[in-house]
Participant: 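Structure in structure tokens, see below.
Throughout, residue positions are numbered sequentially from 1 according to the sequence presented. Hydrogens, waters and symmetry mates are skipped; everything else that's a heavy atom, side chains included, is used. Note that the structure is predicted; figures quoted are calculated from it, not measured. As the structure lists them, so they are numbered: ligands from 1, and atoms in each ligand from 1.
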Amino acid sequence: MDGNGRWAARRGLPRVEGHRRGVEAVRRAVELAGEAGVRYLTLYSFSAENWTRPAQEVADLMGLLKHFVRKDLGTLHRNGVRVRVIGERAGLPADIVGVLEEAETLTRANTGLTLVVAFNYGGRQEIARAARTLAEEVAAGRLAPQDVTVERLSAALDTRDIPDPDLVLRTSGEQRISNFLPWQSAYSELVFLPDLWPDFGREAFAKALAEYACRERRFGGLGAGTL
Ligand code: IPE
Ligand code: MG
């Protein structure tokens with residue numbers, strides 16, 4: 001979800017207004033994904049690197065997360081959405097950890113769309129944490145070094161019970177991954193849209209899906225039409 005600040009700047013509004021409108025785009029995205037039969041939707045809500053923004057903007061983003069959970073959790077739950085949170089929880093303010101846990105606990109048994117909230121998330125940090133977990137197992141003599149495999153490492157990531165993404169979509173025209181699911185997106189299709197996140201809606205979603213539908217996924221193998 002990129003482009004909130006630019007959306008606001010183009011209108012001479014404070015950045016927080018872009019973030020507020022970004023929350024409305026989140027509501028649309030959840031609804032559109034559910035409608036389209038998407039099973040897992042992961043939203044990059046706050047990156048491990050976003051702490052470098054001005055303190056006021058960080059506070060605004062934290063406030064918006066709390067506001068979103070307070071306002072939308074009931075509706076999400078009624079619609080069968082299951083919320084999962086990935087990212088580093090240690091070091092987050094207690095009230096933020098509280099709302100994240102509340103959302104996960106309430107919706108744990110739901111069977112509709114899984115909404116994965118990447119909050120205080122960084123892919124490299126996630127891989128390092130997983131490596132540390134396995135290293136501790138090895139040090140304790142419970143795991144042999146040769147058993148540190150792709151599968152074991154995957155199972156030690158925050159996303160252990162979440163499938164790899166088929167499609168990674170970034171708005172605002174930037175063509176970067178910015179530490180979003182680097183391990184999990186090894187074979188994902190990447191789609192970059194020029195639209196700013198607050199403008200995300202049915203049209204942009206359709207564009208992304210149409211682009212995805214044109215791709216030929218090979219996973220390192222040969223294409224279906226290869227002789
Ligand atoms: C994304 O929009 C919002 C998040 C950090 C969640 P930005 O704030 O990065 O907007 P730009 O890139 O400044 O336009
Ligand atoms: Mg940005």
Participant: Out of all atoms in ligand 1, which are within 4.0 Å of some heavy atom of His19? Include the element for each.
Facilitator: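 Listed by number with element: 3 (C), 8 (O).
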Participant: State whether Arg21 and Glu24 are salt-bridged, where the test is any N-O pair (Lys NZ or Arg NE/NH1/NH2 against Asp/Glu carboxylate O) under 4.0 Å.
Facilitator: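 Here Arg21 pairs with Glu24 in a salt bridge, since their nearest N and O are under 4.0 Å apart.
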Participant: Check each atom of ligand 1 against the heavy atoms of Ser45 and keep those under 4.0 Å away; list them by number with element.
Facilitator: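 Near Ser45, the atoms of ligand 1 are 6 (C).
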Participant: For Asp166, is there an ion pair with Arg217 - N to carboxylate O distance below 4.0 angstrom?
Facilitator: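 Salt bridge between Arg217 and Asp166, a charged N being under 4.0 Å from a carboxylate O: yes.
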Participant: Give, for atom CG of Leu61 and atom CG of Asn4, the distance between the pair rounded to the nearest 0.5 Å.
Facilitator: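 If I round to the nearest 0.5 Å, the distance is 8.0 Å.
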Participant: To check your reading of the model: name the closest protein heavy atom to atom 1 (C) of ligand 1, its residue, and the distance in Å.
Facilitator: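 The answer is Met1 O, 3.0 Å.
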Participant: Would you say Asp2 reaches the Mg ion (ligand 2) with an N/O/S atom under 2.8 Å?
Facilitator: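 Yes.
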Participant: Mind checking whether Arg15 has an N or O less than 3.5 Å away from an N or O of ligand 1?
Facilitator: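 So ligand 1 has an N or O lying under 3.5 Å from an N or O of Arg15.
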Participant: Could you list which atoms of ligand 1 come closer than 4.0 Å to a heavy atom of Arg53?
Facilitator: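 Selected atoms, number and element: 5 (C), 7 (P), 8 (O), 9 (O).
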Participant: Does a donor on one side chain and an acceptor on the other come within less than 3.5 Å for Trp183 and Ser154?
Facilitator: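 Yes, Ser154 and Trp183 have a side-chain donor paired with an acceptor closer than 3.5 Å.
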Participant: Side chains of Phe200 and Leu169: does their closest heavy-atom pair fall under 4.5 Å?
Facilitator: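 Touching, per the 4.5 Å side-chain cut-off.
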Participant: Regarding ligand 1, does Phe46 bring an N or O atom to under 3.5 Å of one of the ligand's N or O atoms?
Facilitator: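 No, since none of the N or O atoms of Phe46 sits under 3.5 Å from an N or O of ligand 1.
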Participant: With a cut-off of under 6.0 Å to the ring centre and 45° to the axis, is Arg53 in cation-pi contact with Trp51?
Facilitator: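 Judged by the rule (NZ or CZ under 6.0 Å from the ring centre, within 45° of its axis), Arg53 is not positioned above Trp51.
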Participant: Under 4.0 Å from a heavy atom of Arg6: give me the atoms of ligand 1 that qualify, with their elements.
Facilitator: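 Close to Arg6: 11 (P), 12 (O), 14 (O).
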Participant: Answer with yes or no whether Gly3 contacts ligand 1, where contact means a heavy atom under 4.0 Å from a ligand atom.
Facilitator: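 Yes, that is the case, since the closest heavy atom of the residue is under 4.0 Å from the ligand.
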Participant: Would you mind listing which atoms of ligand 1 come within a distance below 4.0 Å of any non-hydrogen atom of Gly5?
Facilitator: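 This gives 7 (P), 8 (O), 10 (O), 11 (P), 13 (O), 14 (O) as the contact atoms.
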Participant: Any luck finding a side-chain donor-acceptor pair between Arg82 and Thr114 under 3.5 Å?
Facilitator: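 Thr114 and Arg82 do have a side-chain donor-acceptor pair below 3.5 Å.
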Participant: For ligand 1 and Tyr44, I'd like to know whether there is a polar contact (N/O to N/O, distance under 3.5 Å).
Facilitator: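 It does not: no N or O of Tyr44 is found under 3.5 Å from an N or O of ligand 1.
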Participant: For His77 and Asn110, run side-chain hydrogen bond (donor to acceptor under 3.5 Å, both in side chains): C-alpha distance rounded to whole Å, both residues' side-chain angles, the deciding distance at 0.1 Å, then the answer.
Facilitator: CA-CA 7 Å; His77 185 43; Asn110 289 347; 3.0 Å; yes
Participant: Counting non-hydrogen protein atoms only, what is the nearest one to atom 2 (O) of ligand 1? Give residue, atom name and distance.
Facilitator: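 Going atom by atom, the protein heavy atom closest to atom 2 (O) of ligand 1 ends up being Asn4 N, 3.2 Å.
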Participant: Under 4.0 Å from a heavy atom of Asn50: give me the atoms of ligand 1 that qualify, with their elements.
Facilitator: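 Answer, ordered by atom number: 5 (C).
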Participant: Please determine, by modelled atom types, if Glu88 and Tyr121 share a side-chain donor-acceptor pair under 3.5 angstrom.
Facilitator: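 Short answer, no.
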